[in-house]
Asker: 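Okay, handing you the structure first.
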Amino acid sequence: MTLNTLKATEAATLLLDWYDRHHRDLPWRVSPPMAARGALADPYHVWLSEVMLQQTTVQAVKAYFDKFLTLWPTVENLAAAETEDVMRAWAGLGYYARARNLKKCAEAVAREHGGRFPETEEGLKALPGVGDYTAAAIAAIAFNRKSAVLDGNVERVISRLHAIETPLPAAKPEMRRLVSELTPSNRPGDFAQAMMDLGAKICTPKRPACALCPFGGSCRALTIADPETFPRKAGRKEKPLRLGAAFVAIDSSDAVYLRKRAASGLLGGMTEVPGTGWTARRDGDTSIDAQPFAAAWEACGTITHVFTHFELHLSVYRAKVAQAVACAEGWWEPIASLKRQALPTVMKKAIAQAIPHAFKPV
């Protein structure tokens, strides 16, 4: 039996039965047993987790989710927080525009909606930083609305079920339509999470466990081709290589000179060591001549960091300086407290290249 002959209601029932037995227990999720005891999804928890999970693994998000709930238990608490504190708590999670939009969205929910998230996709999409996927996920999971939730795991599942030949991203509208047809009116939130879990646990990118899949013989990819070849993808363009330099200054008390990046643009509002003007589109100076101030700078190697759209190689320089030498735009941060600063991973790499023990446990 193929999915074409298997009714959508039957397919949804098969998947929900599987989910009831094999769901993942996640800190932001109301599991089927919890729901049976009367627990309801918290829209704040759902929204926070969905923003964090964009381009990031579940395992990486868990600690950050717990940290944010400890610091800001409600959306009103987050709205009232200092932006710098939010950026500092987010440091290391990447894609820092998400953190800026997270703060703006919390402020909008608190100010314009009395601390309550809108329940419809349209209302959710009006919030800062909430796109089609996030709006659908919140509507379905937090408010049990019949929404077509399409993340990377779901794309993989639906593309294999139907053997969709159109490559991504052009296939997204077709995938969304097919997911919408499958999504039941009963338990649409659980269905969305079941599709995610199926993609994460069974219908994996490599070596899918097809024998354990609740859809079994209904998968067209399994009958006509190798499921691993789905979803089809357009040829990837090679990421451009960008060059730049970073300058790590250390004073006599072993404090590091830091400054804050401009609020907009790549890594906006984050903390950095002085560097050159590299961007996703152009190189920065890599020579010692680009030093931010006169000092006995010495080369100490190169670090590599991969962003979404480009790869960056930074030449790292180090100097022991007197505190008075540095410019007035920054501050001196003791090595012991560097971990509490809003340093993105690329800056941590640069500092660690210059000071190998900077981020090691004491």
Asker: Please list, chain by chain and in numerical order, all residues satisfying ring-ring contact (aromatic ring centres under 6.0 Å, His included) with Phe310, sequence neighbours excluded.
Answerer: Phe307
Asker: With ILVMFWY side chains joined below 4.5 Å, transitively, what does Val30's cluster contain besides itself?
Answerer: Met34
Asker: Please confirm whether Arg187 makes a cation-pi placement over Trp18, using NZ or CZ under 6.0 Å from the six-membered ring centre and within 45° of the ring normal.
Answerer: no
Asker: Are Arg21 and Tyr19 in a cation-pi contact, defined as NZ or CZ under 6.0 Å from the six-membered ring centre and within 45° of the axis?
Answerer: no
Asker: Got a second to check how far Gln54's CD is from Asp151's CG, nearest 0.5 Å?
Answerer: 10.5 Å
Asker: How about Lys320: does its NZ atom have over 12 heavy atoms from other parts shown lying under 6.0 Å from it?
Answerer: yes
Asker: Using the test side-chain hydrogen bond (donor to acceptor under 3.5 Å, both in side chains), find all partners of Lys67 that sit at least two apart in sequence or belong to another chain.
Answerer: none
Asker: Answer yes or no: is there an ion pair linking Glu272 with Arg261, defined by an N-O contact shorter than 4.0 Å?
Answerer: yes
Asker: Which one of Asp132, Ile138, Val109 satisfies the side-chain contact (heavy atoms from CB on, under 4.5 Å) criterion with Leu124?
Answerer: Ile138
Asker: When the side chains of residues 197-210 are checked against the rest of the protein, which donor-acceptor pairs come out under 3.5 Å, sequence neighbours left out?
Answerer:
from	atom 1	to	atom 2	distance (Å)
Asp197	OD1	Arg24	NE	2.7
Asp197	OD1	Arg24	NH2	2.8
Asp197	OD1	Arg29	NH1	3.4
Asp197	OD1	Arg29	NH2	3.0
Asp197	OD2	Arg24	N	2.9
Asp197	OD2	Arg29	NH1	2.7
Lys201	NZ	His22	O	2.5
Thr204	OG1	Lys206	O	2.9

Asker: Which of parallel (below 30°), tilted (30 to 60°) and perpendicular (above 60°) describes Phe293 and Tyr257?
Answerer: perpendicular
Asker: Return the set of residues passing ring-ring contact (aromatic ring centres under 6.0 Å, His included) with Phe65 (not counting sequence neighbours), or none when no residue passes.
Answerer: Trp28, His45
Asker: For Arg177, enumerate each residue passing the salt bridge (charged side-chain N to carboxylate O under 4.0 Å, His left out) test, keeping only those at least two apart in sequence or located in another chain.
Answerer: Glu181
